[in-house]
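Residues take their numbers from the sequence shown, with the count starting at 1. Remember, predicted model here, so these are calculated numbers, not experimental data.
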Amino acid sequence: MFFEPPNLTDFFKQFITNSAKKIVSDKDYLQNEIMKWKSSPKRTEQIIGDRYYSGYHDILRRKRTAIGADGKLVEVENLPNNKIVDNQYEKVVTQKVNFLVSQPITFKSENEAYVMALNKIFDKNFLRTFKALTVDCLNGGVGWLYIYYNENGEFCFKRFAPYEILPFWKDSEHTKLDYAVRVYEVIEYSNGQQNIVEKVEIYKSDGIEYYTLNNGVLIADIENPKEFYLKINENGYNWAKIPLIPFKYNYMEIPLIRNTKSLQDAINTMLSNFQNNMEEDIRSTIFVLKNYEGENLGEFRQNLATYGAVKFFSDGGLETLHIEVNSENYKAIVELMKKELISNAKGYDAAELRSGSTPNEMNIKSIFNDINMDANAMEIEFEAGFENLLWFINAHLANTNQGNFDGEQVEIIFNKDTIVNESQVIADIKNSVGIISEETCVANHPWIDDPKKELERVKAEKSEQTAAYINTNSF
């Protein structure tokens, strides 16, 4: 499909699309779809996932209440109201991201030039972007990667937040994107005042259209109503595909927060309640008053706190009922909730690795079983995303005269950051020498990142040793 063009402009003419297959001309329809989507359960869940990952949990809005005189709940402001966030959700998201994509992605192909070109594009900057994109996938069920050329003509990648993108799919399986709408807020200044403006971008096969959303009405951007994806020598061109690629957490696009929010809220609530009970020392003792001289209970509490004494009539008195807070009950419940959150999130409990003696390989595999299975499922979805991404990579390499790699087969390997019993693995490799190839043994060694370079070093060392031996024994 791609060929080496005589110049950049001629090549991009191959990607010009005269019009989208489905023109979005009904502005009323689009406005209605945007407004429905903004308050939809799916987008709300994506926002909650992002909010919880950042530490802004529902517990922070909690109020202490009690039954009022009319039998209804009323806010009570004079009670301790701790709002403790123990962000286990963020911990398990980070755990899953680091497990799958903390190590550089490996590309295998029979074409070494292609591998070198891919390694140059997918550098450390891309890995950082892709790690953040994986966080988006977990928080929102799907992450979005936008491909573009910056003002310097450099091939770049950019993330769009899941809750900013309203996709319109060509198929029910959500594999082919027809067009997409991005809605996001920007701060603009007018007459010295700060205003929040909702911007709308519509990504279609014939370019990007720009609008603002004002009270649910789309208003075209007069200064910049539409632009091409590519601009070369003052000429505009479009890709044959929309350069917006979805990377899914799972095929149903279900975010991780759906299976963990109730458990995370329970953990926060239990810890906050425990701290409240510890601070409510006056509540751990119930006072039984008989013939108290004062007018009300508020005066009694003030006198007790100020003077350490209260007055009673001649036949009055004071009795107490003590209420003990059992901290072990709170501890047991919180620990149970944390284990259940890890289980529902398909993570792993690092405490199991720290406790007891050094775990053997079977124990390690058992501990990492859930997160490994979930990572395998994510790999399948990510490989589909990379397949779409490589279409643009191949086009970029061709139009910049770096080679025509259309049709080249490439294997994408995610190097999972798991824990292994190195001594056992090394022993197994030594026992396999002579049974399997040296390259396979080296590739599975836990200390080696680049098997080919290591084999070259081994070969060089052997050559040096052979040369030294010949020189030593020569006459």
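- The two residues N394 and Y114 make their nearest non-hydrogen contact at OD1-OH, 2.7 Å.
- The minimum heavy-atom distance linking I412 with E383 is given by the pair O-OE2, 3.8 Å.
- Shown here for I257 and N139, the closest heavy-atom pair between the two residues is CG2-O, 4.5 Å.
- Taking the ring-ring contact (aromatic ring centres under 6.0 Å, His included) definition, one finds that F107 meets it with F122, sequence neighbours left out.
- Remark: the Q46 side chain and the D50 side chain contain no N/O donor-acceptor pair separated by less than 3.5 Å.
- For Y52, the ring-ring contact (aromatic ring centres under 6.0 Å, His included) partners are H57, not counting sequence neighbours.
- Here CE of M378 is found 11.5 Å from NZ of K346. Values are rounded to the nearest 0.5 Å.
- For N215, the CG atom is loosely surrounded, since the number of other residues' heavy atoms within 6.0 Å does not exceed 12.
- Under the 4.0 Å criterion applied to side-chain N and carboxylate O atoms, E454 and R457 are assigned as salt-bridge partners.
- No side-chain donor-acceptor contact under 3.5 Å links Y53 and D136.
- Closest non-hydrogen pair, S109 versus Q409, comes out as OG-O, 2.9 Å.
- Salt bridge status for R182 with E201: present, with a side-chain N to carboxylate O gap under 4.0 Å.
- When only modelled atom types and interatomic distance are considered, N98 and K131 share a side-chain donor-acceptor pair under 3.5 Å.
- Using cut-offs of 30° and 60° for the angle between ring planes, the F99 and F368 rings count as parallel.
- The pair E188-K199 meets the salt-bridge criterion, with a side-chain N (NZ, NE, NH1 or NH2) lying under 4.0 Å from an Asp/Glu carboxylate O.
- Residues K261 and D58 are paired through a salt bridge, judged by an N-O separation under 4.0 Å between the basic side chain and the carboxylate.
- Evaluation of the salt bridge (charged side-chain N to carboxylate O under 4.0 Å, His left out) rule for D221 yields no partner, not counting sequence neighbours.
- Salt bridge annotation for K36-E33: present, with a cationic side-chain nitrogen under 4.0 angstrom from a carboxylate oxygen.
- Salt bridge K96/D370: absent, no basic N to carboxylate O contact under 4.0 Å.
- Few gaps surround CD on E227; more than 12 heavy atoms of other groups in view lie less than 6.0 Å from it.
- Side-chain contact of K416 with N376: a donor-acceptor pair under 3.5 Å is present, judged by distance alone.
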